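Single-structure report; data block below.
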Amino acid sequence: MVDTLGVAVVGFGWMGRVHSQAYARVPHHYPRLGLRPELVTVADEVPGRAEEAAARFGFATAVRDWREVVADPRVRAVSITAPNFLHREIGVAMAEAGKHIWIEKPVGLTVTDARAVADAVAKAGVQGTVGFNYRNAPAVESARRLIADGEIGTVTHVRVRLFSDYAAHPEGALTWRYERERGGSGVLGDLASHGVDLARYLLGDIASLTADTAVFVPERARPTAATAGHSRASGGELGPVENEDYVNCLLRFDSGARGVLEACRVSVGEQNNYGFEVHGTKGAVFWDFRRMNELGVSRGDRYQDQPVSTVYMGPGEGEYEAFQPGSANAMGYDDLKVIEAYRFLSSIAEGASHGATLADAVQSAAALDAMARSAESGGWADVHRGG
């Protein structure tokens with residue numbers, strides 16, 4: 001017997017589309033899941049956008065005010081893909097209404113926001129999943145297993161990088177993403193949050209850090225119409241970019257390992273250059289998102305001149321088998337969101353968390369707050385102080 005679960009998507013930019021497609025694909029990749037999502041409502045305040053989404057993706061209802069979703073008894077689970085400044089208000093309201101939430105990162109603008117949503121989810125007894133999708137890559141899960149099993153010895157240090165050019169064009173519109181009040185901490189919340197989650201997923205909690213930040217494109221033109229994604233605007237009134245384009249951060253983990261995290265949204269020549277290198281006393285693992293299904297592995301007892309092997313993902317690694325029948329067949333970004341949707345729905349079906357949780361979001365937000373404090377003070381910041 002398959003139970004139908006009414007779902008809604010609040011905010012229908014690119015990420016809202018990705019969530020909708022993931023819900024539609026889950027039954028195909030996970031036919032044994034006893035919960036089938038049904039697209040009930042889509043909400044977006046931009047005139048006509050929700051109606052277009054409903055027509056294209058098959059939602060039964062389109063609304064402009066997300067509060068109508070709160071009151072809709074047909075909706076039992078909600079994807080929150082609205083702008084960052086709305087995450088806390090929407091997340092708390094949905095949880096208090098007894099609805100499970102799948103919320104994109106960062107969960108609000110500060111660790112206080114993330115904790116408010118986490119507390120609401122816990123108090124309501126609903127499930128909460130967070131959009132840290134890169135941890136869902138089979139190669140990343142394989143790396144975590146190798147590290148945990150001691151295959152590379154004791155971890156000594158890690159480097160995590162997230163370089164992109166999505167904001168590199170000087171005519172990029174001055175949207176909410178570049179405003180402190182609505183977008184929060186710029187590249188910290190957008191990219192570095194993923195880096196923190198990857199670092200924690202692989203190595204455990206971060207104890208302290210020191211960070212430096214910069215704004216490299218200080219002004220942008222204000223858009224004259226509704227925008228989606230990373231639109232361009234020229235000729236409009238110029239306004240200041242209020243949050244960070246770049247962050248460089250040194251990390252100290254509870255385990256004693258050290259790390260470097262670097263993220264930039266204005267890196268000309270870099271398109272989604274995301275990845276990590278983890279070094280241990282006996283070996284190392286290397287991952288590049290652009291070669292998502294490969295893992296570089298060095299292990300053995302040579303120490304010097306020890307070779308690195310490329311391991312292709314295949315059935316038996318993470319959720320790979322749900323998508324491809326044999327090793328080295330490619331998976332892509334959207335597949336990671338299908339895995340995320342599956343784990344969200346599994347959490348609801350079983351009443352136990354699978355995948356990234358609101359607790360992970362709180363810890364990520366604590367690290368981001370520590371980065372901001374450190375960049376302002378010029379010194380080291382204790383992550384646990386904010387968590």
Side-chain angles (χ1 to χ4, degrees), residues 1-10 18-41 69-70 72-81 87 90-105 107 114-115 117-138 140-142 144-145 148 197 200-202 204 315-323 331 334-364:
M1 181 71 179
V2 177
D3 186 20
T4 298
L5 182 82
V7 301
V9 175
V10 175
V18 173
H19 276 232
S20 301
Q21 291 175 164
Y23 284 128
R25 290 178 58 193
V26 162
H28 302 289
H29 294 281
Y30 298 97
R32 296 183 184 87
L33 179 65
L35 206 56
R36 185 176 295 271
E38 179 183 3
L39 299 179
V40 172
T41 304
V69 178
V70 176
D72 192 337
R74 299 173 299 167
V75 175
R76 295 168 56 195
V78 181
S79 278
I80 301 172
T81 55
H87 285 189
I90 297 174
V92 169
M94 295 300 175
E96 289 179 344
K99 303 182 191 301
H100 308 284
I101 63 171
W102 176 12
I103 186 168
E104 276 304 316
K105 54 87 235 162
V107 180
R115 192 181 292 111
V117 179
D119 289 347
V121 165
K123 184 176 181 180
V126 296
Q127 293 297 320
T129 291
V130 181
F132 291 127
N133 43 269
Y134 297 109
R135 64 158 59 191
N136 298 324
V140 174
E141 294 187 287
S142 180
R144 186 176 192 244
R145 176 178 54 79
D197 184 68
R200 290 188 60 252
Y201 183 68
L202 296 169
E317 296 293 350
E319 296 293 331
Y320 184 95
E321 193 170 8
F323 298 85
M331 290 176 60
D334 285 10
D335 296 329
L336 302 183
K337 284 300 189 184
V338 175
I339 295 171
E340 207 165 87
Y342 165 66
R343 289 175 172 166
F344 175 48
L345 297 171
S346 295
S347 298
I348 296 170
E350 300 173 18
S353 297
H354 295 275
T357 66
L358 269 300
D360 293 309
V362 170
Q363 289 301 313
S364 177

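Model, not experiment: these values are computed from the prediction.
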Less than 3.5 Å apart, which donor and acceptor atoms pair up between the side chains of residues 117-129 and the rest of the protein, not counting sequence neighbours?
unit_1: Gln127; atom_1: OE1; unit_2: Ser353; atom_2: OG; d: 3.3

Taking side-chain hydrogen bond (donor to acceptor under 3.5 Å, both in side chains) as the definition, give me every residue that meets it alongside Lys99, ordered by chain and number, with sequence neighbours left out.
none
Over 12 foreign heavy atoms within 6.0 Å of CD, Glu321:
no
Do Phe132 and Ser364 have side chains that get closer than 4.5 Å, going by heavy atoms?
yes
If the threshold is 4.0 Å, N to carboxylate O, is there a salt bridge linking Glu317 and Arg145?
yes
Counting only N and O atoms by type, is there a donor-acceptor contact under 3.5 Å from the side chain of Ser347 to the main-chain atoms of His354?
yes
Glu96: which residues meet the side-chain hydrogen bond (donor to acceptor under 3.5 Å, both in side chains) condition with it, sequence neighbours left out?
none
Contacts of Tyr201 that satisfy side-chain hydrogen bond (donor to acceptor under 3.5 Å, both in side chains) - sequence neighbours left out
none
Check for a donor-acceptor pair, side chain of Arg76 on one end and backbone N or O of Thr4 on the other, with a separation under 3.5 Å.
yes
Are Met94 and Val10 close enough that some pair of their side-chain heavy atoms sits under 4.5 Å apart?
yes
Which residues pass the ring-ring contact (aromatic ring centres under 6.0 Å, His included) test with His19, not counting sequence neighbours?
Trp102
Less than 4.5 Å apart, any side-chain heavy atom of Tyr23 and any of Leu39?
yes
Heavy-atom check, side chain of Asp197 versus side chain of Tyr134, under 4.5 Å:
no
In Å and rounded to the nearest 0.5 Å, what is the CZ to CG distance from Arg135 to Leu336?
12.5 Å
Do the non-hydrogen side-chain atoms of Glu141 and Tyr320 ever get within less than 4.5 Å of each other?
no
To the nearest 0.5 Å, atom CG of Asn136 lies from atom CZ of Arg343 at 5.0 Å
Going from OG1 on Thr41 to CG on Asp72, what distance comes out if it is rounded to the nearest 0.5 angstrom?
4.5 Å
Under 3.5 Å, is there a donor-acceptor pair between the Tyr30 and Ser346 side chains?
no
Could you tell me whether Lys105 and Glu340 make a salt bridge, using a distance below 4.0 angstrom between a side-chain N and a carboxylate O?
no
Output for pair (Leu5 CG, Glu38 CD), nearest 0.5 Å, gives 9.0 Å
Under the side-chain hydrogen bond (donor to acceptor under 3.5 Å, both in side chains) test, which residues partner Thr357, sequence neighbours left out?
Asp360
